[in-house]
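In the text below, chain A, chain B and the rest are named by the order of the sequence lines, each starting its count at 1.
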Protein chains: 2
Amino acid sequence: MLRQAVKLNDCSMREYLRPNAGLQAHAIACKMIEGRALIGGIRQLNKSFVSADDVAKRAGVSRSAVSRTFTPGASVSDETRQRVMAAAQALGYHVNQLARGLMRSESGIVCLVVSEMDTPYRARLVRALTHELQRAGKISMLINTDRSDGSVDAALRQTLHYRADASILLSGLPDKAITKLCLDSGQRIVLINRDDEIDGPFRINLDDGHAARVTVSAFLRAGCRHLALANSAVGTPSLMARERGFVAAAAEFGLDVTVVRHGNTVYESGRKIAQTLFAEPKQPDAVFCVNDLMAFGLMDGARHDFGLRIPEDVCVVGFDDIEQAAWASYALTTFSQPVDEIVKNSIAWLANHGGESQPEVRSINLHAPMIWRKSIRGMQRPIS
Amino acid sequence: MLRQAVKLNDCSMREYLRPNAGLQAHAIACKMIEGRALIGGIRQLNKSFVSADDVAKRAGVSRSAVSRTFTPGASVSDETRQRVMAAAQALGYHVNQLARGLMRSESGIVCLVVSEMDTPYRARLVRALTHELQRAGKISMLINTDRSDGSVDAALRQTLHYRADASILLSGLPDKAITKLCLDSGQRIVLINRDDEIDGPFRINLDDGHAARVTVSAFLRAGCRHLALANSAVGTPSLMARERGFVAAAAEFGLDVTVVRHGNTVYESGRKIAQTLFAEPKQPDAVFCVNDLMAFGLMDGARHDFGLRIPEDVCVVGFDDIEQAAWASYALTTFSQPVDEIVKNSIAWLANHGGESQPEVRSINLHAPMIWRKSIRGMQRPIS
DNA sequence: GAAATCTTTGCACACGCTTGCAAAAAGGCG
DNA sequence: CGCCTTTTTGCAAGCGTGTGCAAAGATTTC
């Protein structure tokens with residue numbers, strides 16, 4: 001492409017022919033070449049971003065002055081600042097964060113790595129994270145990791161390409177080598193509910209075990225004796241923790257648990273599991289579903305396919321407390337994901353960039369409170 | 001900060017003292033200063049990204065060679081490419097897209113501007129867009145515009161800061177001046193369901209009117225005579241189009257429509273509207289809700305607060321066909337947002353960057369097919 | 001084997017910004 | 001008014017990349 005060559009020649013020639021010709025005209029002439037130049041027309045369709053140079057010229061100051069005007073805390077006189085601002089306003093100037101990031105080696109970008117982000121819980125988390133990151137002066141890049149093994153690694157690679165300041169992983173677990181690479185590159189990594197053992201990232205987890213125990217005792221108080229657990233087949237650490245906790249707590253009371261694992265953590269899986277569970281001779285009278293979506297599927301299966309009533313015939317508890325759990329058709333008793341807490345902690349940890357050497361917090365465990373609705377018999381009692 | 005000065009001096013001095021010392025060592029020495037240098041320790045905690053220069057040195061080639069290796073279609077010999085790749089691999093090099101964007105004046109960034117993105121329909125759209133953008137080699141930035149007037153403008157400003165190649169607006173409507181600024185800066189803008197009249201952006205809309213008409217005739221065929229419409233109070237163009245279309249179509253059959261507008265397009269609003277609507281002496285026997293969430297609220301209100309049966313006592317139709325519409329508790333007849341079509345068209349239009357001067361497509365109208373479920377009496381008949 | 005062609009490579013400049021440094025301007029003080 | 005201190009300003013180098021240009025090297029052709 002000879003765009004640059006042409007532009008250069010053109011500009012320098014003009015400058016040579018009439019030195020000190022209007023700077024404004026100079027700028028426009030360049031732009032014309034750069035954008036779509038209209039033959040014979042003066043209509044400037046300068047399709048390109050305006051730079052600090054343009055502003056400086058118009059304001060009659062140096063580029064440094066412009067830069068300082070837009071750098072909080074830099075030394076600029078009031079007069080200069082005002083002239084710069086006026087010029088910037090008129091030209092529609094916006095600091096180029098890419099270039100700024102290059103210099104400051106801090107892009108302001110935070111990557112959110114997530115799969116199936118249209119899932120209610122994930123969507124809520126992404127929204128809250130994005131919102132708070134914005135308030136903290138960061139901007140979020142969304143990277144999808146649907147399916148395919150190694151797609152989390154690819155996502156982290158993207159993260160490196162864009163020199164993200166940090167990455168927040170809501171799904172999947174990256175290869176240790178890649179994680180290390182990111183950390184070595186100066187990135188900060190937050191793992192939400194991923195329960196990895198790798199050192200370096202900040203890990204946020206929930207007290208899944210506690211929730212499971214609370215569920216068991218609530219079922220027992222409701223008079224249930226045939227406990228079941230509906231899990232997905234994917235076996236995420238946190239899902240497995242819920243399962244283990246539930247089975248263990250039941251065992252303490254000498255009760256067996258029918259465990260069914262199927263599909264993903266979605267509605268259809270729950271419904272399918274209902275078909276398995278309630279077709280057995282020994283129908284369960286209480287089911288703990290590892291997330292709300294599965295709980296809804298299970299409830300609909302129980303009601304529509306087997307004519308069971310909830311909570312009279314079967315009690316159900318979910319996890320996540322997504323919006324739909326409050327809908328009258330479900331009124332699901334469930335555990336609330338402390339989204340705000342998660343977000344607050346993530347961002348606080350990210351913001352704590354300055355304090356380097358002091359022993360850093362490595363992980364945190366948050367409490368998921370039970371939200372009592374109507375999918376379980378009886379009243380809520382204070383939790384031990 | 002004197003980081004740079006120190007680094008420079010240090011490196012050059014070392015080079016001077018022992019010329020041709022291992023290049024590797026040289027790189028590390030520099031890094032040490034740049035990252036956290038440990039006094040007296042060789043433990044290199046080089047917290048920083050590796051650059052093309054580092055790779056070039058290690059591979060014993062010029063930086064251009066590295067650049068060309070990572071530029072598809074550039075001229076590099078197989079041997080050089082391989083050496084570069086090996087060095088890049090070993091060092092964990094990733095092209096800096098920020099710098100590349102600076103040169104190419106094409107950042108590869110596409111901004112998604114959206115409010116309340118945890119709403120099922122929006123979340124689905126964001127996911128699909130992100131996914132396809134990734135496949136097209138772009139990366140998506142998510143900008144939240146919750147609440148506060150002028151936040152869309154602020155979002156577009158961010159868009160400029162990061163030199164986004166394009167912005168896709170799913171919510172709100174920006175000020176014309178800002179829109180123009182973006183366009184003048186060479187950005188491409190897509191408005192999804194925003195129905196603005198401004199020239200320049202690509203607009204994708206649905207045939208809301210047609211859907212409304214189809215709904216009326218379905219209601220009539222089901223024997224309904226007391227039509228109602230549940231709308232939100234926000235009055236988005238597309239929502240109003242559905243309302244107008246519905247009222248107009250009903251009028252053609254000489255029927256009045258009870259219109260209720262309340263709150264946002266959420267579950268609670270639907271439930272509230274049910275309380276208004278079914279408390280009246282003349283209870284409607286058919287309600288068109290401008291989106292699914294409101295429909296669910298309305299259905300739950302009708303069932304739980306008034307003991308009505310759906311579709312026996314009242315028929316309901318929604319809009320969006322979000323996941324929950326297929327759930328057994330609702331089985332909502334609704335209109336399917338052609339998400340894939342929307343995404344496909346958006347991206348195709350964005351990709352069409354080269355063809356500048358030919359008359360561009362300015363807007364497109366997509367069809368939202370009716371998805372027949374059980375919230376309306378009778379069978380589906382072919383739509384005229 | 002020389003001439004002509006094609007391929008590969010390094011140099012150097014550009015992109016738009018920040019920032020240390022030193023010079024210039026402004027302000028304070030006796 | 002002169003000297004000293006503080007503030008403001010421009011210069012220039014640098015961040016990590018792409019790419020035109022010309023030189024060098026490899027390959028083909030006669």
Inset, instruction - Check the pair A/I139 / A/Q134 against side-chain contact (heavy atoms from CB on, under 4.5 Å), numbers first and verdict last. - result: CA-CA 6 Å; A/I139 188 128; A/Q134 267 172 240; 5.7 Å; no
Inset, instruction - Tell me, with the steps shown, if B/L170 and B/V113 meet side-chain contact (heavy atoms from CB on, under 4.5 Å). - result: CA-CA 6 Å; B/L170 319 185; B/V113 178; over 6 Å; no
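The side chain of B/Y93 sits closest to D/dT17 out of C/dC17, D/dT17, D/dG18. Listed nucleotides C/dC11, C/dT19, C/dC17 differ in distance to A/R104; the shortest reach to its side chain belongs to C/dT19. Of all nucleotides listed (C/dG16, C/dG10, D/dT17), D/dT17 comes nearest to the side chain of B/A52. Comparing C/dA12, D/dG18, C/dT19 against the side chain of B/S64 picks out C/dA12 as the nearest. Closest approach to the B/R68 side chain among C/dT9, D/dG16, C/dC17 is made by C/dT9 (side chain taken as heavy atoms from C-beta onward).
Straight-line distance from the CG atom of A/N96 to the P atom of C/dC17: 5 Å, rounded to whole Å. Taking atom OH on A/Y162 and atom P on D/dG16, their separation rounds to 18 Å, with Å as the unit. For the pair A/Q97 CD and C/dC15 P, the interatomic distance rounds to 20 Å; values are reported in whole Å. In this structure, A/K57 places its NZ atom 12 Å from C1' of C/dG16, rounding to the nearest Å. As a whole-Å value, the separation of B/R100 CZ from C/dG16 P is 18 Å. Rounding to whole angstrom units, CG of residue B/D53 and P of C/dG10 are separated by 13 Å. Rounding to whole angstrom units, CZ of residue B/R63 and C1' of C/dA12 are separated by 10 Å. Atom CE in A/M103 sits about 15 Å away from atom P in D/dT17, given to the nearest Å.
Taking the centre of each ring, B/F49 and B/Y93 stay at or above the 6.0 Å mark.
Relative orientation of the A/H94 and B/H161 rings is perpendicular, given thresholds of 30° and 60° on the angle between their planes.
Between B/A99 and B/S62, the residue anchored closer to the 5' end of DNA chain C is B/S62, taking for each the nucleotide with the nearest heavy atom.
Within residues 77-88 of chain A, the residues approaching DNA chain D are A/S77, A/T80, by heavy-atom distance under 4.0 Å.
OP1 or OP2 of C/dT7 has not a single side-chain nitrogen or oxygen of B/S75 nearer than 4.0 Å. Residue A/S67 places at least one side-chain N or O under 4.0 Å from the OP1 or OP2 atom of C/dT18.
Side chains of B/T80 and B/S77: a donor-acceptor N/O pair is present below 3.5 angstrom, by distance only. Side-chain contact annotation: B/Q187 with B/S167, donor-acceptor N/O pair under 3.5 Å present.
At distances below 3.5 Å, not a single donor-acceptor pair connects side-chain atoms of B/N352 with backbone N or O atoms of B/W349.
Nucleic acid contact for B/V66: none, since no nucleic acid atom lies under 4.0 Å from a heavy atom of the residue. Looking at heavy-atom distances under 4.0 Å, A/F70 makes no contact with the nucleic acid at all. At the heavy-atom level, B/V76 lies under 4.0 Å from the strands shown only through sugar-phosphate atoms.
You won't find any donor-acceptor pair under 3.5 Å spanning the side chain of A/R163 and the base of D/dG16, going by distance alone.
For B/D165 and B/R188, the salt-bridge test fails: no basic side-chain N is under 4.0 Å from an acidic carboxylate O.
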